[in-house]
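Step one of this worksheet: look at the structure below.
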Amino acid sequence: MNSLYLFAGTEKGLFILKSNSERNNWSVEGPLLKGWKVFDCQLDRRNDPILYAAVGHFIYGPCIHISRDFGRTWSQIENGPQYGENSQFKLNSIWTIVPGPEKYPNRLYAGVDEAGLFVSEDKGYSWQELTGLSAHETRSEWMPGAGGLCCHSVLIDSENPKRIWIGISSVGVFRSDDGGSTWTPKNAGIEQIIPNEHYKEIGFCVHSMTADPQNPNKLYQQNHRGVYKSSNGGDSWVRIENGLPGSFGFPIGIHPYKPETLFTIPLESDEYRMPPNGDLKVYKTDNSGDSWRPLSEGLPTKCFASVMRQALAIDNFDPCGLYFGTTGGQIFASNNEGATWNQIPCQLPRINSLSVVSL
Amino acid sequence: MPAIDIIIPSLLAHCSSGKLHLSVDGNTLKQTLDNLLQAYPLLKVHLYEESGKQRPYVLIYLNEDNIQWFDDMDVYLKPGDRIQIVQSVAGG
C-alpha cells in the first residue's frame, strides 16, 4: 500500500503530513526548519530521493536546505542562488524550486525575488544565474507587486527541455526557446495591470501557471486579472472564466492524467483577497476551462482566509486527491477529485505552499 | 592570538554544527570574523548580503559596542573579549 506525503511550507517551518492510500488518516510531523519561512518544498525522485526546501527569514535572508533522509536531517547549501557581488540585484527570497527535465536528472531551477532564475546542474549543490533574464531589455521597468518582484512559476517543456516558461508577478510570462539564454514576454491576450510607458509587453500579473502534462503547448494561468488558457505555448491567451464567481485568485492546478480537468480557488477581488462571502469553494472544469463548477461539500462557509499561489497540490492516485492550505493554517483534503472535503486535523502557521508525493 | 568567544543566535545553529557558543582565534575584529566565516561558511549568507554589506537587521556586538559604530574592523582584541550576533528587534 502506498503512503502519501504532504509537505506544507509555512511561515514558521515545514510540516510533513503522512497518510495511507485511502487518504483519510493523517499524522503530522513538525515544525522542521523551525522558525524559517518555507516558501517551497519539493521531493526530487529522479535520482536518490532528495528533499529541497527554499527557506528565508526577514533578518537572515534566503537559502536552500537539502534532506536525504526524508526530512529527518537537513543541511544548508553553501553555494545557493546568489546574485554577483557587483550585481545591481539583490536576492530577497527563493520562491520555487523546480526539478528539471527527466533527461537531465541533476538539473534544477530556482525562481527568486528580485526576479531572476537560477539553475543547478549538480542536484542543487551549486547554482548559477541565467543572466539572460536579468539582461532583458525591459528589466529596468519591472515593478514589484504586493508579494514582491518574484519569479514564482517555472515550467519546463516535457518534450523540449530548452523551452522554459517563467511567471513574474506584475511583469508577466516569459518564454525561452534556447534553454534560458534569451527570453520573450508572452502575454498577448491578457489584461494588463500596470501599463508601462516604454514596453507594452510587460505589466501583466501572473499569479500561477500550470501546463498540460500531455501537451506542452497547452498552458493555464491564474492571473491577477482573470483565468487564462494558451493553446500555443503562450503565444496568445484567452479568458476561461465561465462559471467562476470572479477573476481573482492565486493557485491553479491540473489533473495529473485527465488534463482537461483543472482546479482553481477564486477569491474576492484584489482589494479583499478572501473567499467571496466567506464561502470557501474550489472550482473545477472538466473541459479545459470552457466552464467551471463549484465544489464545496465539506468546505466551510465562514472562512475568510486566503489560499496562496503554491498552496494547492494534487496527487496522482485514482481518483486523484486534492489538497490546499490557507493563510489561516488549515489544510483541506479531498480523496475524490474534489467531490467532498475534510479538514486535516491540525492548525499550522500561515501556509505558503503544499506539495504531495506518494511512495 | 587570543581565542574569542562568539555567540550566535539559535536560528543559525545549523551553520555551526548546532553550537551556539564558539571559540575563534583572531588578533583583530576583522581577522576573527574572517576566521569565523572560514570555519563556518554557511553563516556568511545570513550575516552579509551579496554586496558584502552586513544585513540591515543583523547586529554584531563586540562586548558592549555595535561593530557598525567602529571606523574600521582593525580593532585589536584581547582575551576575554566577546562577539555576539543578535537579530535586531524590528516591527511589532
Do other residues, nucleotides or ligands put more than 12 heavy atoms under 6.0 Å from the [atom1] atom of [X]?
{"X": "B:Asn63", "atom1": "CG", "answer": "yes"}
{"X": "B:Tyr76", "atom1": "OH", "answer": "no"}
{"X": "A:Met143", "atom1": "CE", "answer": "no"}
{"X": "B:Glu64", "atom1": "CD", "answer": "no"}
{"X": "B:Phe70", "atom1": "CZ", "answer": "yes"}
{"X": "A:Arg45", "atom1": "CZ", "answer": "yes"}

So which heavy atom on [X] is nearest to which on [Y], and how close?
{"X": "A:Ile59", "Y": "B:Gln87", "result": "CD1-CB, 3.4 Å"}
{"X": "A:Pro62", "Y": "B:Arg55", "result": "CD-NH2, 3.8 Å"}
{"X": "A:His57", "Y": "B:Leu11", "result": "NE2-CD1, 3.2 Å"}

Q. Can we call the ring centroids of A:His65 and B:His14 under 6.0 Å apart?
A.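 Between B:His14 and A:His65, which both carry aromatic rings, the centre distance is below 6.0 Å.
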Q: Using atom types as modelled and distance alone, determine if a side-chain donor or acceptor of B:Glu50 lies under 3.5 Å from a backbone N or O of A:Leu91.
A: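 Indeed, once roles are kept as given, a pair shorter than 3.5 Å links the two residues.
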Q: Measure A:Ile77 against the heavy atoms of chain B and call it side chain, backbone, both or neither at under 4.5 Å.
A: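 The answer is the backbone of A:Ile77.
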**Q.** A:Gln76 CD to B:Leu42 CG distance, which is reported to the nearest 0.5 Å
**A.**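 Answer for the CD-CG pair, A:Gln76 versus B:Leu42, is 4.5 Å.
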Q) In Å and rounded to the nearest 0.5 Å, what is the CD to OG distance from A:Gln88 to B:Ser51? A) 13.5 Å
Q: Using the six-membered ring wherever Trp is involved, compare the ring planes of A:Tyr60 and B:His46 and label them parallel, tilted or perpendicular (cut-offs 30° and 60°).
A: perpendicular
Q: Let me see the working for B:Glu49 and A:Gln82 under side chain to side chain contact (heavy atoms under 4.5 Å, CB included), right down to the final yes or no.
A: CA-CA 9 Å; B:Glu49 298 176 340; A:Gln82 274 214 302; over 6 Å; no
